[in-house]
Number of protein chains: 2
Amino acid sequence: MKNKIVRIKDIAEKAEVSKGTVDRVLHNRGRVSEEARERVLKIIQEMNYEPNLIARTLKSNKVYHIAAIIPDPLIDPYWEAPKSGLEKAEKELRHYGISVTPFIFNPYNVDSFLKKAKEATQSEPDGILLAPVFYREVLSFFDQWNVKRIPFVLFNTQIPDAAPLSYIGQDSYQSGYLVAKLLTFGLPEPCTFLVAHINEDIPNSAHLIKKEEGFRNYFVDKKLEDKYKVVRLELGNPDSGLFTEQLNKVRQQHPDLKAIFVTNSKAYEIAFYLEKHRIDNIKLIGYDLLPKNLYYLENSIINFLINQNPKGQGYWGIQQLTDFLVFKKEIQPIKYLPLDIITQENLSYYVDNEA
Amino acid sequence: MKNKIVRIKDIAEKAEVSKGTVDRVLHNRGRVSEEARERVLKIIQEMNYEPNLIARTLKSNKVYHIAAIIPDPLIDPYWEAPKSGLEKAEKELRHYGISVTPFIFNPYNVDSFLKKAKEATQSEPDGILLAPVFYREVLSFFDQWNVKRIPFVLFNTQIPDAAPLSYIGQDSYQSGYLVAKLLTFGLPEPCTFLVAHINEDIPNSAHLIKKEEGFRNYFVDKKLEDKYKVVRLELGNPDSGLFTEQLNKVRQQHPDLKAIFVTNSKAYEIAFYLEKHRIDNIKLIGYDLLPKNLYYLENSIINFLINQNPKGQGYWGIQQLTDFLVFKKEIQPIKYLPLDIITQENLSYYVDNEA
DNA sequence: GTAAAAAATGTGCTCGTACACATTAATATT
DNA sequence: AATATTAATGTGTACGAGCACATTTTTTAC
């Protein structure tokens, strides 16, 4: 059987050199005669040697510091999941020398972001994981990190101009497209759909625009523009009276409103409104498995949730950086997570059961 | 910082014993005074020591042989995915001493199964991964393996009476339930649904019955029995004329037939029928991302597929056995994989991108 | 031709854990 | 009290890769 695991020692013996020489060939440390080099290289090929990553990391007790620049979960609960994901990854990878330091900023305050990003940069980390909530402000940091050669991984929000080591998240456009499919599947008759952006700085939130774009283009592509009408609404703070007013008005203007698509994780705000006004003929789709969303999903007020797998995003972010720093693997520049469709009936298998 | 990793040596020093003693405490190898035992145990708690699994497996060069008893992918293409999943796992885990030997049987031939299962048993493996296609025949093997103390993991088909180390797969009942939800969501008007079992030995296929049960119970639970009618059909070999005849007949008997639920991975057979007869007012839901199914999903003849994640099943099966054999971890007796809802629009993120 | 410099190759220790073996301390037996 | 027996504890090495350092071989300089 070829089942035997090939070690450096085996190669050394077969090539009639010492393992030191094999090591030099493997890592291009020079000081090897061309003759020996070729012989060793050939044998490595033949026996298709694969280094034992386990033994490798055991040796080097280098600690890799990763700075995780993420929004405060206490301010927006959405960010709890990514945080727990990266904590999980850190726990798993501690023995490989991975150490993660969170730099937590207020997602509604640019200065807070600037401060924390600066702190993170000054800590001279070996890698950075970042949720780039503020599009404009983050760009100059990318330059700094590129100069300093600090690899950085983005998640949640895709930034086209950046050249990160990797982006982890969903294809926003496609997720809007998917939502349109689901709603038209459930509503075969002509009607009106509402795209609701809740409490967001829209011009600075490219991914939300992408979602709306995908949503609208579905109707174009499928030639359904005559059948369905799409309206949009930028809603402010749900606690204000304006919020309710805006919704009342849109319902009045569009009596055939049959579905609402919420582009972020705050579908529960709309659900609260629907429940309060005892409206049960409007379907509702949103994002993410927050407890409040799950509550309304269970009560059939929310019909579907698209799981952005935020925990997985944090988890895979750290994993990607580890693969790069520790294992020196090739990193895929974009890692799209699946667009999970969640409903009452399959919910339990997605809650706390992933990655 | 608590960032320092705790080693056995650290514990030994703090407890003023040698690392040998700590080792004996950790592994209950006896020969330790009660006094020392308690002291060490306390310090292990305090410093919350976690063994370095990396170093652990590096030491022991034991090879664990796992026998994988699975159906032949050449006979039923469904089984390609589990096979590739377990191959992927083997590759990842080779350096932990995991070696997987496939024992491949004909899923339509009991004798072939008996022969291979016997061979696998005689090879005296350290663990067994099994797709228990033949319910009755597999039971005696469970007894044998229990006597020999060979841990076995089941996947794909849940067997209630068995007490495997772990079952990996989906909750069949719930998946039927989910399908009912999707269909009623898309078909708000009263109509008839067909549950189709294609080319299966139904009495011996508990998981297919469970699917139907879940499907039917959805209507009961939601008080929709008056609105929707459910009929069932056991279809034989799709290549025979009978197959088409049966379908024709059921359509004739139920003119308001609006959806078909195929309980296994052969939805493409019905799709072929629907396409051939140019029927586009019957929705179709089935299982698994086989190339043929994907083709019809792309063409909108199949509306949804439930992904049973067969690749993941093979992968996690080997992972579970490795966790048990190599890492001595606690194993969860049931590992339900999520009920992924797949449609044209989110398909690409599930194809070859998992586990 | 010899010594010095450079190139090539070899040796040995480290990482954290597990286990075999060696050693010491505490009882039991005569 | 001396020896045998058992219990308790300590010591040392292996696993595979990586790297510093030691050693050998070849080349260069005079």
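Lettering of chains follows the sequences in order, A, B, ..., and the numbering in each one begins at 1.
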Specify the separation, in whole Å, of atom [atom1] of [X] and atom [atom2] of [N].
X: B/F327; N: C/dT17; atom1: CZ; atom2: C1'; result: 13 Å
X: A/L58; N: C/dA18; atom1: CG; atom2: C1'; result: 13 Å
X: B/I11; N: C/dA18; atom1: CD1; atom2: P; result: 11 Å
X: B/I5; N: C/dG16; atom1: CD1; atom2: P; result: 8 Å
X: A/K9; N: D/dA17; atom1: NZ; atom2: P; result: 11 Å
X: B/R37; N: D/dT9; atom1: CZ; atom2: C1'; result: 16 Å
X: B/E50; N: C/dT17; atom1: CD; atom2: P; result: 11 Å
X: B/I8; N: D/dG12; atom1: CD1; atom2: P; result: 17 Å

Next item on the list: Could you check whether A/H95 gets within reach of a base, just the sugar-phosphate, or nothing at all, counting any heavy atom under 4.0 Å?
Entry: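 No contact.
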Margin query: Using a heavy-atom cut-off of 4.0 Å across all strands, would you classify A/R31 as base, sugar-phosphate, or nothing?
Written below: base
Next item on the list: Kindly state which residues belonging to residues 13-24 of chain B come within less than 4.0 angstrom of DNA chain D, counting heavy atoms of the residue only, listed by number.
Entry: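 Those residues whose heavy atoms fall under 4.0 Å from DNA chain D, taken from residues 13-24 of chain B in numerical order, are B/V17, B/S18, B/K19, B/G20, B/T21, B/R24.
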Next item on the list: Would you mind telling me which residue lines up with the more 5' stretch of DNA chain D, A/R56 or B/A55, judged by nearest nucleotide?
Entry: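 Of the two residues, B/A55 wins.
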Next item on the list: Please tell me which of A/L53 and B/E35 maps to the more 5' nucleotide of DNA chain D, matching each residue to the nucleotide holding its nearest heavy atom.
Entry: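 Comparing both residues, the 5'-ward one is B/E35.
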Between [X] and [N], is there a contact of a side-chain N or O with OP1 or OP2 at under 4.0 Å?
X: B/H27; N: C/dA18; value: yes
X: B/Y96; N: D/dG16; value: no
X: A/S33; N: C/dT9; value: yes

Margin query: Once you measure the plane-to-plane angle for A/F105 and A/F113, does it fall in the parallel (<30°), tilted (30-60°) or perpendicular (>60°) bin?
Written below: perpendicular
Notebook entry, point to check: Taking the inter-plane angle between the rings of B/Y349 and A/Y336 on a 0 to 90° scale, is it parallel (under 30°), tilted (30 to 60°) or perpendicular (over 60°)?
Noted result: perpendicular
Would you mind reporting whether [Y] and [X] have side-chain heavy atoms less than 4.5 Å apart?
X: B/R94; Y: A/I5; result: yes
X: A/F141; Y: A/L130; result: no
X: A/D23; Y: A/H27; result: yes
X: A/T322; Y: A/E92; result: no

Margin query: Tell me whether the count of non-hydrogen atoms from other residues, nucleotides or ligands lying under 6.0 Å of CD in A/E34 goes above 12.
Written below: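 Correct, the count exceeds 12.
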Checklist line | Given D/dT9, C/dA18, C/dT9, the nucleotide with the shortest approach to the side chain of B/R29 | finding: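 Selected nucleotide (nearest to the side chain): C/dA18.
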